[in-house]
Amino acid sequence: MCKIINSTRKFSIIFLILIMVLSFPLKPYAEDSLSISRWLIESELLENGDLYIEEDITFDFSGKFNGVFREIVLEKTSGVKNIEVGEIIDGEEIKYDNINKGKKGNSNVFTIDTNNNSKTITIYSPSKDQKKTFKIKYTVKNVAIKHNDTGELNYQFLGSENKTPIEFFSVNIKLPQNRNNKVKIFAHGPLNGMADFKDENLIHMEVEDVPKNTFVEGRILFPNNFIPKSSNLSNKSNYNNILKEEKALIKDIEKKELQKEKITKVLSYASLIAGGIGIITLAFFLSKLKRKINIYEKTSSNIIPEDCSPAVASYLTLSSSNTEVVVATILDLVRKGYFKIENNEEEGKSTNLNIIKIKDQDEGLLKHESFFIQWIIDTIGTGNSVDIESINKYGENYNDKFLEDFNKWQGLVKKETEDKGYLDLRVKKYGYILTVFSIIFFIISIATIAYGVIYGLFPLIISIIVFIYGLTLLSRKSDEGHAQYKSSF
């Protein structure tokens, strides 16, 4: 009788479900150990076209850190000057010292490294599970351009090089003069942001939940007499061209958003349809392949249970490891009178058991059992016996040959399991069909979730269920095999 508890298989299925669900989190990114709760910028456009900036950045340290970095990109500028760093403690600014070279463990100091197109500020401030607000001051040179018919400030206050998510980001830009109808604001970045006038000469931009690698940019047009001392001259009229560029950009964004809405709508319908098809398909196969036999009626006539080898039972239930199958087969051959086991007294090792063949193979053995005796006794052993230590050494020294013979043995086990009629081979094709369906549902669900549509969860759950059921059909027991298995409990 095939009596092997199938708890390993049940555990494997539960584990597979957990792995697949946990592999696809709903959030676009996991919580980082370092985040920024607030990034506040106060800036002022100077009459010479420079931009003076003060940044208050509040870092939330979860864990132990030696400090933080701030990279200032210099593209479309003449560089940066007058960099200062400090920390806000109880409303007071504590200034940090600028040093040439820092090292781990330094505190209240910062360094500046110049790269090809940026400056990296390294702030040394050992922190652990706490919040700190750093103030960074600097002036970006010649960031504004003086055209013949307008002045232009086009600056990325936050670049895509930022690697830390930000909960709240805001920028105030103070103009040299009060606004008029020539002052235009264009904000580039996340679509959930906003930009408007806060005062007659103050522009305000803000955005929440800024992911890492995301930029925030402001493009301001103003009369060129706002920056009379600027030396950054274009010597051409560009006001209308800039307006056309921004209008085209807005249309492009609207087009992309419209396209995204259409795709989202299609994916939503596709997810609902795929989920519905999955349920119908699953219900159909569950009904079609439902067992119609009464297990107890099937086995009541078999007063003497069928003698099923451990290897066949293991293959039937998929519940034993390679080592367990080999040991169980040896013990079963002892029970049948082909082997006996003795302690290896000569070497004084009671754990090094000696397996002795006491009976030749005959018609009472299955093919895989005969092969097993020849493999263990003749190939690995002396022809009459083999000890456990010899088997282990053979496996280590002749690993490839050992695996080759083991696979041959498993092949015979598989064939004899099928020959006994324990496996329902006719339903294998349904298993492949359901597996393909589950992959299709899975792809649809992931594409839908990627667009932020919750309907994608529906086909995701269905795909997992269909996939698991499809796998069970690939190794489904026949009614006979199922009856033999159930009757063992």
Side-chain angles (χ1 to χ4, degrees), residues 1-13 15-16 306-336 338-339 341 353 355 357 359-381 383 385-429 431-432 435 468 470-478 480-482 484-485 488:
M1 188 178 294
C2 305
K3 187 173 183 180
I4 293 183
I5 299 176
N6 204 13
S7 59
T8 303
R9 187 178 182 183
K10 293 176 181 177
F11 176 81
S12 298
I13 292 174
F15 185 74
L16 176 64
E306 183 177 341
D307 191 6
C308 178
S309 76
V312 171
S314 174
Y315 185 84
L316 181 64
T317 59
L318 304 175
S319 62
S320 297
S321 68
N322 295 342
T323 304
E324 291 171 339
V325 176
V326 171
V327 172
T329 301
I330 292 173
L331 294 176
D332 191 55
L333 290 171
V334 171
R335 178 184 67 83
K336 292 180 177 179
Y338 292 91
F339 287 167
I341 298 176
L353 301 176
I355 303 164
K357 184 174 74 170
K359 183 180 176 182
D360 290 332
Q361 298 96 306
D362 54 30
E363 294 180 355
L365 291 175
L366 297 171
K367 289 182 180 179
H368 77 270
E369 292 175 316
S370 295
F371 178 87
F372 184 84
I373 293 175
Q374 182 183 358
W375 173 38
I376 294 294
I377 300 297
D378 298 334
T379 303
I380 300 176
S385 66
V386 66
D387 57 62
I388 299 298
E389 187 176 340
S390 297
I391 296 175
N392 291 334
K393 286 183 178 179
Y394 186 89
E396 293 174 0
N397 297 331
Y398 306 98
N399 184 259
D400 292 342
K401 176 62 177 171
F402 186 91
L403 289 177
E404 181 184 344
D405 289 338
F406 179 84
N407 289 332
K408 285 181 182 178
W409 177 55
Q410 287 289 287
L412 292 172
V413 172
K414 176 184 177 183
K415 187 177 186 307
E416 288 177 338
T417 305
E418 294 172 352
D419 290 345
K420 279 180 171 289
Y422 287 159
L423 298 179
D424 194 350
L425 300 180
R426 64 187 179 84
V427 302
K428 255 191 174 183
K429 59 184 178 182
Y432 289 122
T435 302
I468 293 172
L471 287 183
T472 63
L473 293 182
L474 295 179
S475 58
R476 175 181 160 109
K477 292 180 281 291
S478 64
E480 177 67 26
H482 186 65
Q484 286 291 328
Y485 172 72
S488 65

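Along the sequence shown, the residues carry numbers beginning at 1. The model shown is predicted, which means the values in this text are computed figures rather than measured ones.
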Tell me, please, which residues at least two apart from [X] pass side-chain contact (heavy atoms from CB on, under 4.5 Å).
X    : value
L331 : V327, I341
Q361 : K357, L365, S370, I373, Q374
F406 : N322, V326, W375, W409, Q410
K429 : none

Return each pair, listed once, that meets salt bridge (Lys or Arg N to Asp or Glu O under 4.0 Å) where at least one residue sits in residues 366-379; pairs must be two or more places apart or across chains. K336-E369
State which residues pass salt bridge (charged side-chain N to carboxylate O under 4.0 Å, His left out) with K401; sequence neighbours excluded, sorted by chain then number. D405
Qualifying residues under salt bridge (charged side-chain N to carboxylate O under 4.0 Å, His left out), relative to K393, sequence neighbours excluded: E389
Could you tell me whether the side chain of I330 reaches within less than 4.5 Å of the side chain of F372, counting heavy atoms only? yes
Tell me, do I355 and D387 make a side-chain contact under 4.5 Å, heavy atoms counted? no
Assess the side chains of Y338 and D362: does a donor N or O sit below 3.5 Å from an acceptor N or O? yes
Between CG on residue L474 and OG1 on residue T435, distance to nearest 0.5 Å: 5.0 Å
How many angstroms lie between CZ in F371 and CG in L366, if you round to the nearest 0.5 Å? 14.5 Å
For the student: nearest non-hydrogen atoms of I377 and S385, plus distance: CG2-N, 3.9 Å
For the pair S390 (side chain) and V386 (backbone), establish whether a donor and an acceptor sit closer than 3.5 Å, ignoring hydrogens and angles. no
With sequence neighbours excluded, tell me which residues meet side chain to side chain donor-acceptor pair (under 3.5 Å) with [X].
X    : result
N397 : none
Y394 : none
K359 : none

